[in-house]
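In what follows, a single structure is set out as structure tokens and then discussed.
Computed over heavy atoms, backbone and side chain alike; hydrogens, waters and symmetry mates excluded. Index from 1, following the sequence.
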Amino acid sequence: MTDPGMRIRPYTPEHRAAVLDLSIRAWAPVFPLTRSSVPAFVYDSFYPHGWEARQLADLSAVLDGEPDNVDLAFHGNDLVGWACTRLHPEDHMGELYVLAVHPAHQRRGVGTALMARAAERARTAGMRMLMAETGDDPGHAPARAVYEQAGFQRWPVARYFKELP
């Protein structure tokens with residue numbers, strides 16, 4: 001059920017700090033479970049200064065580099081979620097590149113509304129499908145459930161890492 005007080009709006013830079021703060025809050029429960037599920041050398045290579053630093057850098061690049069691809073979800077004046085949709089015309093595919101929902105607003109239709117907006121963006125641009133990617137570790141189980149509930153079909157992928165001495 002979608003929150004009737006929720007509105008989706010285009011991103012504006014005045015919301016940058018709030019978007020980044022929301023993202024860290026949304027993913028705080030995810031990364032400890034991810035860390036315990038992957039080899040230490042892999043986790044430490046991806047997050048040498050901690051997951052928060054990496055996420056802030058990566059998401060800042062998204063907000064600064066492609067602001068027109070970002071949508072924000074508000075409940076009243078409160079930011080409750082956001083998404084970035086990328087287009088890949090060579091594959092006729094839209095990509096739900098980022099989806100984050102404030103923990104206090106999860107399971108209230110915010111993610112569903114942002115996914116619908118991403119699908120609308122992709123469809124309007126002539127894309128034939130929408131793709132989302134997430135981890136297969138326990139921390140990402142809620143994300144997988146949301147995508148599957150929204151009708152996404154899983155494409156099994158295996159990613160392997162080998163530590164080099």
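With a 4.5 Å cut-off on side-chain heavy atoms, Val19 and Val70 do not count as touching. Counting heavy atoms from C-beta on, the side chains of Arg107 and Thr112 never come closer than 4.5 Å. Here the side chains of Met115 and Val146 are in contact, with some heavy-atom distance below 4.5 Å.
The two atoms that bring Leu87 and Ala122 nearest to each other are CD2-CA, 3.9 Å, heavy atoms only. In plain terms, the two heavy atoms of Ala73 and Ile8 that are nearest each other are CB-CD1, 3.9 Å. Heavy-atom minimum distance, Leu33 versus Ser37: O-OG, 2.8 Å. Residue Ala26 comes nearest to Val101 through the heavy atom pair CB-O, 3.2 Å, listed as atom of the first residue, atom of the second, then distance. Scanning both residues, Val62 and Cys84, for their nearest heavy atoms gives CG1-SG, 3.7 Å. Residues Leu72 and Thr12 share a closest heavy-atom pair of CD1-N, 4.3 Å.
Atoms CD and CG, on Glu133 and Leu96 in that order, are 11.0 Å from each other to the nearest 0.5 Å. Between the NE2 atom of His49 and the CG atom of Leu56 there is a distance of 13.0 Å, given to the nearest 0.5 Å. To the nearest 0.5 angstrom, Leu79 atom CG is 9.0 Å from Asp21 atom CG. Of the inter-residue distances, the one linking Thr34 atom OG1 with Trp27 atom CH2 reads 11.5 Å to the nearest 0.5 angstrom. His15 contributes atom NE2, which lies 12.0 Å from atom CG of Leu22 (distance to the nearest 0.5 angstrom). Rounded to the nearest 0.5 Å, atoms CZ (Arg86) and CD (Glu66) are 4.0 Å apart.
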Salt bridge (Lys or Arg N to Asp or Glu O under 4.0 Å) for Arg7 and Asp71? Distances and angles first, verdict last.
CA-CA 10 Å; Arg7 301 289 177 263; Asp71 293 295; over 6 Å; no
So Tyr47 and Arg35, side-chain contact (heavy atoms from CB on, under 4.5 Å) or not? Walk me through it.
CA-CA 10 Å; Tyr47 310 110; Arg35 181 178 201 141; over 6 Å; no
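Without hydrogens or angle criteria, Arg9 side chain to Phe74 main chain gives no donor-acceptor distance under 3.5 Å. With Thr124 contributing its side chain and Arg121 its backbone, the two residues share no donor-acceptor pair below 3.5 Å.
Scanning for side chain to side chain donor-acceptor pair (under 3.5 Å) contacts around Ser23 gives Trp82, with sequence neighbours left out. In terms of the side chain to side chain donor-acceptor pair (under 3.5 Å) criterion, residue partners of Asp64 (sequence neighbours excluded) are, by chain and number, Arg16.
For Tyr43, the OH atom sits in a packed shell: over 12 heavy atoms of surrounding residues, nucleotides or ligands are nearer than 6.0 Å. Within a 6.0 Å sphere centred on CZ of Phe46, heavy atoms belonging to other residues, nucleotides or ligands number 12 at most.
One hydrophobic cluster holds both Val110 and Phe152 under the rule that ILVMFWY side chains link at heavy-atom gaps under 4.5 Å. Follow the hydrophobic side-chain contacts under 4.5 Å out from Tyr11 and you reach Leu20 in the same cluster. Cluster annotation: Val30 is connected to Trp51 through the hydrophobic network of ILVMFWY side chains, with a link wherever side-chain heavy atoms come within less than 4.5 Å. Transitive grouping of hydrophobic side chains (ILVMFWY, heavy atoms separated by less than 4.5 Å) keeps Val98 and Leu114 in distinct clusters.
Residue pairs that meet the side chain to side chain donor-acceptor pair (under 3.5 Å) test with at least one member in residues 142-163, sequence neighbours left out, are Asp136-Arg154.
Salt-bridge formation is not detected for the pair Glu120/Arg123: no Lys NZ or Arg NE/NH1/NH2 atom is positioned less than 4.0 Å from an Asp or Glu carboxylate oxygen.
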